[in-house]
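The next block holds one structure in the form of structure tokens; read it before the comments.
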Amino acid sequence: MTAAGKEFVIAFLKNSLNTYEPYLKILTPFVEDVELQISTPAWKSVDSFHLTYTVNKSNPLEVKLPISLRVQTSTVDNRIVYVKSSKPIFVFVADFQKNTGDYFLLYPAKTFGTEYIVGAFGDASSNMVSLLGCLAIHDDTEIRITPPINHTLTFNKRAYKHDEAVVVTINRFQLAQILGIDVTGSFVRSNKPIAVISGHEHVMIYGNSEIVSGHDMIMAQMPPVATLSKVYPVASTLNNDEELIRVFAVHDNTAFSIYRPGSVTSQFIKDRTSYFEFYMTKNEGATVVADKPVQVIQISTSGDRFTGDPRMIVTLSLDSYVTEYMFVTTLDAALPSAVYTYPITIIVSESAKGKLYLDGKSILDIPHEGTPSSCGYANLEAIRINVDAGYHTVVCHLEDNAYCTVYLNGYFKNSQYGTAINRHLGVLDSSKSSSLQEMDGTETGPMTTALFRVAAVDKKPSTASKITFYVSSFIECHLLCRQYNNCALVTFEKTQNTCKLFTMYAASSALAEEPGVVISIIA
């Protein structure tokens, strides 16, 4: 369950400065051609489309989409783009307004969930809005959105305060767009899996800098609550003066610590609808370690127009790190002649730096930007390397207890974006797939970092669920059992760093289907 998949949906949310066509960047790890269709199945318009393309590892695909796809009202709409491929692909979204844009990783439909915490930003002094979109892949999807404590949400021309939920039912390939001064901290629940995209159409983000004038749109797809975890390393860039780190709690009474080189500070979030934030300066690292699952969002603050526009990154927990990454840079449609700088930030175990390869070359043999910065936890370091425009790969040959992830940034003097480029997205509290179609259990492309299979399910007299997993990644053995509530490891077989089989008992029978049913899950 990485960010590679065969089915994706995307909608382009409100933007008052809408001027340029959005587009998709599509990659695949396969050498042979992969066929894909891009369509608007529910949109009845002269601009609706059903297009067929091919993509392979050597030739990333860029697809421009009609500007009329923009959803400008806070209501239910049918302007969803559906991407379906014959083999796993990666999809990045490039969206733009008048003179800046954003670029973010899209998650496949098989990873969608039913609970989300919304990360975004708001500015009461701005005439632009913060927003979120909920995208359905099933008919009769009921969605309930709890507004943040100190802000109202607007939907269908009605305002909703914290004590009243926005409730809407939508169908397959529809979306509901909700607006507000700040949608940050909204809690989304649904009766069927959905996607949630959130951000701001054009915002200035204040930090401690005295000179602040940079604005930008920020946008990202939120990960389901079920994929969230407890340990989040974060690292700032070299071009922004400050980074704003926001920690969102999934549960009430969440305690966490912020590890920095040479110091640890403890914090507490009493109410899951609130969040805690702190700043990092240039070339700094830190790690958030919580006692319950949290979500961590990283937002660059505004500098002057030459030193930093805002951009938002959904940061990854250690449990979400994978070992292979592929990505392609992009330009801003509003600034086609701009000369961008493309730094990647690699967070890696210090002992594993010699086992990382950028485009086939050891990162030890590639010049770094600045000096590596410690994340203050588990010997993790942040390394920054500038790459050329175009397609790149990062491969991590890791041993046990070693980690690596990669973030992409792109910036010009008045435009910036940032995104994760791959992640583990296994839904750890459910054995049910949430794809548009029934999964056949065979989606295991070369970028897949782990494959586990529920080989048998039966019931014990205690009514606990006994689940046997075959796992191709040793790290996943620990990850899976650690994330299930009230689970106990019963058997464990390990051969050459590969966990071949383990069995666990979960107190909740909801983790299993009926006795004797064989279930396949890709992770």
Side-chain angles (χ1 to χ4, degrees), residues 104 113 115-124 126 129-132 134 144-153 160-163 165-166 178-189 196-200 203-208 218-236 242-260 264-280 286-302 310-317 320 418 420:
F104 60 93
E115 290 184 320
Y116 291 87
I117 298 173
V118 175
F121 198 85
D123 181 0
S126 172
V129 296
S130 182
L131 36 80
L132 70 97
C134 301
R144 292 177 173 267
I145 305 165
T146 303
I149 293 177
N150 298 319
H151 296 284
T152 60
L153 299 180
Y160 294 81
K161 297 181 180 179
H162 176 66
D163 58 352
V166 180
I178 293 88
L179 309 179
I181 293 175
D182 192 352
V183 302
T184 303
S186 300
F187 198 82
V188 180
R189 282 196 174 100
V196 173
I197 296 171
S198 60
H200 197 287
V203 68
M204 179 189 297
I205 298 175
Y206 292 89
N208 296 313
I218 57 174
M219 204 69 61
Q221 183 169 350
M222 296 294 106
V225 163
T227 68
L228 302 179
S229 192
K230 304 175 184 177
V231 180
Y232 289 80
V234 290
S236 57
E242 291 178 310
E243 303 277 351
L244 174 64
I245 309 299
R246 286 183 161 180
V247 181
F248 298 84
V250 175
H251 303 284
D252 293 341
N253 302 315
T254 295
F256 64 95
S257 297
I258 303 168
Y259 286 77
R260 301 177 190 258
V264 181
T265 57
S266 297
Q267 303 293 340
F268 188 79
I269 299 177
K270 183 177 180 180
D271 189 324
R272 66 169 175 80
T273 58
S274 59
Y275 56 89
F276 178 86
E277 62 184 33
F278 64 95
Y279 290 92
M280 296 194 307
T287 302
V288 174
V289 181
D291 67 342
K292 301 181 182 72
V294 294
Q295 176 163 284
V296 178
I297 303 292
Q298 179 173 338
I299 306 174
S300 63
T301 59
S302 300
R311 56 107 177 90
M312 180 171 71
I313 295 176
V314 179
T315 68
L316 309 187
S317 69
S320 298

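Quick note: residue numbers are just sequence positions, from 1. The structure displayed is predicted, hence computed values, not measured ones.
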Item checked: N/O donor-acceptor pair under 3.5 Å between Thr184 side chain and Ala120 backbone -> yes
Notebook entry, point to check: Could you state the interatomic distance from CD1 (Ile313) to CD (Glu243), rounded to the nearest 0.5 Å?
Noted result: 7.0 Å
Check: For the side chain of Gln298 and the backbone of Ala235, is there at least one donor-acceptor N/O pair under 3.5 Å apart?
Finding: yes
Notebook entry, point to check: Phe278 and Val288: side-chain contact (heavy atoms from CB on, under 4.5 Å), yes or no, with the steps?
Noted result: CA-CA 11 Å; Phe278 64 95; Val288 174; 4.1 Å; yes
Next item on the list: Please lay out, stage by stage, how Phe121 and Leu244 fare under the test side-chain contact (heavy atoms from CB on, under 4.5 Å).
Entry: CA-CA 11 Å; Phe121 198 85; Leu244 174 64; 3.7 Å; yes
Item checked: Check: Gly199 main-chain N/O paired with Ser130 side-chain donor or acceptor under 3.5 Å -> yes
Item checked: Main-chain N/O of Gly119 paired with Ser198 side-chain donor or acceptor, under 3.5 Å -> yes
Check: With side chains defined as the heavy atoms from C-beta onward, is the minimum distance between Ser229 and Pro293 less than 4.5 Å?
Finding: no
Checklist line | Check: Val296 main-chain N/O paired with Thr315 side-chain donor or acceptor under 3.5 Å | finding: yes
Next item on the list: Check whether any side-chain heavy atom of Val183 lies under 4.5 Å from a side-chain heavy atom of Ile145, and answer yes or no.
Entry: no
Margin query: I need the Lys161 NZ to Leu153 CG distance, nearest 0.5 Å.
Written below: 13.0 Å
Margin query: For the CG atom of Leu228 and the CG atom of Leu316, what is their distance to the nearest 0.5 Å?
Written below: 11.0 Å
Notebook entry, point to check: Are Arg144 and Glu115 within salt-bridge range, i.e. N to O under 4.0 Å?
Noted result: no
Note to self: I need the single residue from Val225, Val196, Val294, Ile297 that forms a side-chain contact (heavy atoms from CB on, under 4.5 Å) with Ile117. Which is it?
What the structure shows: Val225
Margin query: Rounded at 0.5 Å granularity, tell me how far CD in Gln221 sits from OH in Tyr116.
Written below: 6.5 Å
Note to self: Are Ser317 and Val231 packed together at the side-chain level, in the sense that at least one heavy-atom pair is separated by less than 4.5 angstrom?
What the structure shows: no
Check: Should Thr265 and Arg260 count as side-chain neighbours, where that means a heavy-atom distance under 4.5 Å?
Finding: no
Check: What's the shortest heavy-atom distance between Ser266 and Ser257, and which atoms?
Finding: OG-OG, 3.6 Å
Checklist line | Verdict with supporting geometry, Phe256 and Ile269, side-chain contact (heavy atoms from CB on, under 4.5 Å) | finding: CA-CA 8 Å; Phe256 64 95; Ile269 299 177; 3.7 Å; yes
Next item on the list: Output the distance between atom OG (Ser236) and atom OH (Tyr279), rounded to the nearest 0.5 Å.
Entry: 14.0 Å
Next item on the list: List for me each residue that meets side-chain hydrogen bond (donor to acceptor under 3.5 Å, both in side chains) alongside Asn253, sequence neighbours excluded, and say none if there are none.
Entry: none
Item checked: Taking every non-hydrogen atom, the tightest pair across Ser186 and Pro148 -> OG-CD, 3.1 Å
Margin query: For Arg272 and His251: C-alpha separation, side-chain torsions, deciding distance, then whether side-chain contact (heavy atoms from CB on, under 4.5 Å) applies.
Written below: CA-CA 5 Å; Arg272 66 169 175 80; His251 303 284; 5.6 Å; no
Next item on the list: Taking the side chain as every heavy atom from C-beta outward, state whether Thr146 and His162 have any pair of such atoms under 4.5 Å apart.
Entry: yes
Checklist line | Residue pair Met312 / His200, side-chain heavy-atom distance below 4.5 Å | finding: no
Next item on the list: Can you measure from CG (Asp163) to CD1 (Ile149) and round to the nearest 0.5 angstrom?
Entry: 11.5 Å
Note to self: Within the structure provided, determine whether Val250 and Lys292 are in side-chain contact (heavy-atom separation under 4.5 Å).
What the structure shows: no
Check: Any side-chain heavy-atom pair from Cys134 and Val188 closer than 4.5 angstrom?
Finding: yes
